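Notes follow the structure.
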Amino acid sequence: MLNATKTSTDLQDAKRIVLEAQLALDTAPPTLLREALSRHVADDYFWRGMHPFNEQHGAEAVATAFWQPMHHALTGFQRRMSVFFAGTAVTGPKAETWVAQMGHFMGLFDQPFLHIRPTRKLVLLRYAEFHRIEDGRIAESALFIDIPELMLQAGLQPFPTPTGVHISQPGPAPQTGLMFDAQVPEEGAETLDLIEAMMSDLGNWDLGLPLTEELARTWDPQMLWWGPVGIGATYTIPRYAEQHAGPFRASFADRDFKGHRARLAEGMYGGFFGWPNFTARPTGGFMGMPATDKSGPFRVVDIYRRDRDRLVENWIFIDLLHFWSEQGVDILGRTTGISESA
């Protein structure tokens, strides 16, 4: 178990800082987004975003690269959170305070975004966001959005053959994910322990058990796995093994775990992200994509819900555009007709 050194008051302060920052950002007119962000982030603010946004430094760069185009594209922009929690992450030499959340960005898709043609219709765009709090400000953020989901809603098909199913992805079944109030510390510790046990089992795919038996050690039989566009969602241990975990393991070799930038839990919820989490070499077939025999990086977010002693729901964000770009495949360009270099 990771040692939690922050008190609930510290975590509550961190939540307040994030909520105030996002309220200012979400409600600011496009011309004032930089100013709104600047009031809440550190001078040396570091931001990570899915490809092609990647890494940005400072409020002006982040607002110009992502928030202004997003607000311009989605008229009546709204953030609809379904999970919100905080925790202490010990993934380096010192403990750090992080706030994580998940939900959908919503609006009327009225202007192009990344050369994706607007529909003038309502869109829902899945997101997950992590913020590191230091000295009363947001020092570091990671924002994962499912860009291929927006492409799909615009009538485009970025990937040939998902192994799961693409459907609207809801928040937690019991509607308990918004933890604005302080939680019992022992619950978060138990959630993090279970996530750690699952990760230990995963290892390098060499536990030596049949896949369904491996999963049953930490997952509920009725597990829900909400994967990104290109992979899709699946339900129950046998179908998850059949429709995602099995095909994924069969289609990649030389998996090498790189670690997580942040891993935390509060109450019955927890999650992590890496930059990258691991590398693997595609041997062909997965999502209908070809073998390249070139190892590439997987940037991944996992958000979990625990029920008693098992994980029951998992929401996954994978920067598939970045992975395939590193393999020499421009998914955005070939789908929209405009290359990344244009």
Side-chain angles (χ1 to χ4, degrees), residues 102 126 128 144 146 148-149 152 157-173 194-195 197-257 270-272 274 277-293 295-296 298-321 323-324 327 329 331:
M102 182 192 77
R126 291 201 316 145
F144 284 65
D146 197 343
E149 181 181 43
L152 205 64
Q157 181 55 262
F159 299 109
T161 54
T163 53
V165 62
H166 294 320
I167 55 177
S168 177
Q169 298 196 5
L194 186 57
I195 293 171
M198 179 274 299
M199 290 174 53
S200 178
D201 282 354
L202 179 62
N204 284 310
W205 304 341
D206 59 359
L207 189 61
L209 293 174
L211 179 54
T212 53
E213 292 183 22
E214 173 191 316
L215 294 166
R217 289 162 55 94
T218 51
W219 292 94
D220 186 88
Q222 302 295 104
M223 66 175 287
L224 273 162
W225 194 86
W226 301 104
V229 164
I231 298 174
T234 187
Y235 176 46
T236 75
I237 284 178
R239 297 299 172 88
Y240 169 71
E242 172 190 332
Q243 296 170 1
H244 173 65
F248 189 87
R249 294 188 186 195
S251 300
F252 289 89
D254 303 327
R255 181 182 181 277
D256 184 15
F257 180 62
F272 54 70
N277 303 50
F278 65 93
T279 58
R281 177 173 56 86
T283 57
F286 191 73
M287 301 190 312
M289 301 295 284
T292 66
D293 284 329
S295 183
F298 280 87
R299 302 167 173 174
V300 182
V301 164
D302 278 77
I303 302 291
Y304 299 92
R305 178 172 71 88
R306 174 178 65 86
D307 185 6
R308 294 182 293 275
D309 64 346
R310 289 292 185 271
L311 299 171
V312 291
E313 286 192 270
N314 184 197
W315 296 264
I316 303 89
F317 299 75
I318 304 176
D319 196 347
L320 292 171
L321 298 184
F323 176 82
W324 289 111
Q327 300 294 316
V329 182
I331 300 296

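Nothing here was measured: the structure is a model prediction, and the numbers come from that model.
Taking every heavy atom of both residues into account, Leu320 and Gly230 meet most closely at CD1-CA, 4.5 Å. In this structure, Thr283 and Ala250 approach most closely via the heavy-atom pair OG1-O, 3.6 Å. Across all non-hydrogen atoms, the minimal contact from Pro148 to Pro158 is CB-CG, 3.9 Å. In this structure, Leu209 and Glu213 approach most closely via the heavy-atom pair CD2-OE1, 4.0 Å. Of all heavy-atom pairs spanning Pro282 and Pro290, the tightest one is CB-O, 4.4 Å. Closest non-hydrogen pair, Thr279 versus Ser295, comes out as CB-OG, 3.6 Å.
Under the 30°/60° scheme for interplanar angles, the aromatic rings of Phe278 and Phe298 are found to lie parallel. Ring planes of Tyr240 and Trp225: tilted class, angle from 30 to 60°.
We find the CD1-CG distance between Ile237 and Leu211 to be 9.0 Å, quoted to the nearest 0.5 Å. Once rounded to the nearest 0.5 Å, the distance linking CZ of Phe252 with CZ of Arg281 reads 11.0 Å. Considering CD1 of Ile316 and CZ of Phe144, their distance stands at 13.0 Å, rounded to 0.5 Å. Note: Leu311 CG to Leu224 CG = 12.5 Å, rounded to the nearest 0.5 Å. To the nearest 0.5 Å, atom CZ of residue Phe248 and atom CE of residue Met287 are 8.5 Å apart. Between the CG atom in Asp302 and the CE atom in Met199 there is a gap of 9.0 Å [rounded to 0.5 Å].
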Step by step, would you call Asp309 with Leu194 a side-chain contact (heavy atoms from CB on, under 4.5 Å)? CA-CA 7 Å; Asp309 64 346; Leu194 186 57; 5.7 Å; no

Quick one, Ile318 with Ile231, criterion side-chain contact (heavy atoms from CB on, under 4.5 Å). Give me CA distance, side-chain angles, the key distance, then yes/no. CA-CA 10 Å; Ile318 304 176; Ile231 298 174; 3.8 Å; yes

Kindly determine whether Ile167 and Trp226 satisfy side-chain contact (heavy atoms from CB on, under 4.5 Å), including the steps that lead there. CA-CA 9 Å; Ile167 55 177; Trp226 301 104; 3.9 Å; yes

Verdict with reasoning, Phe286 to His244, per side-chain contact (heavy atoms from CB on, under 4.5 Å): CA-CA 9 Å; Phe286 191 73; His244 173 65; 3.9 Å; yes

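Side-chain atoms of Val312 and Met223, non-hydrogen and from C-beta on, never get closer than 4.5 Å to each other. Here the side chains of Arg255 and Leu202 are in contact, with some heavy-atom distance below 4.5 Å.
The main-chain N or O of Gly227 is found under 3.5 Å from a side-chain atom of Gln169 such that the two form a donor-acceptor pair. A distance-only check finds a donor-acceptor pair linking the side chain of Asn277 to the backbone of Val300 [under 3.5 Å]. Judged purely by atom type and a 3.5 angstrom limit, Arg306 has no side-chain atom pairing as donor or acceptor with the backbone of Ile195. Of the possible donor and acceptor atoms, none in the side chain of Gln327 sits under 3.5 Å from a partner among the backbone N and O of Thr292. The backbone N or O of Gln243 sits less than 3.5 Å from a side-chain atom of Thr163, completing a donor-acceptor pair. At distances below 3.5 Å, not a single donor-acceptor pair connects side-chain atoms of Arg217 with backbone N or O atoms of Trp219. A donor-acceptor contact shorter than 3.5 Å is absent between the side chain of Arg126 and the backbone of Met102.
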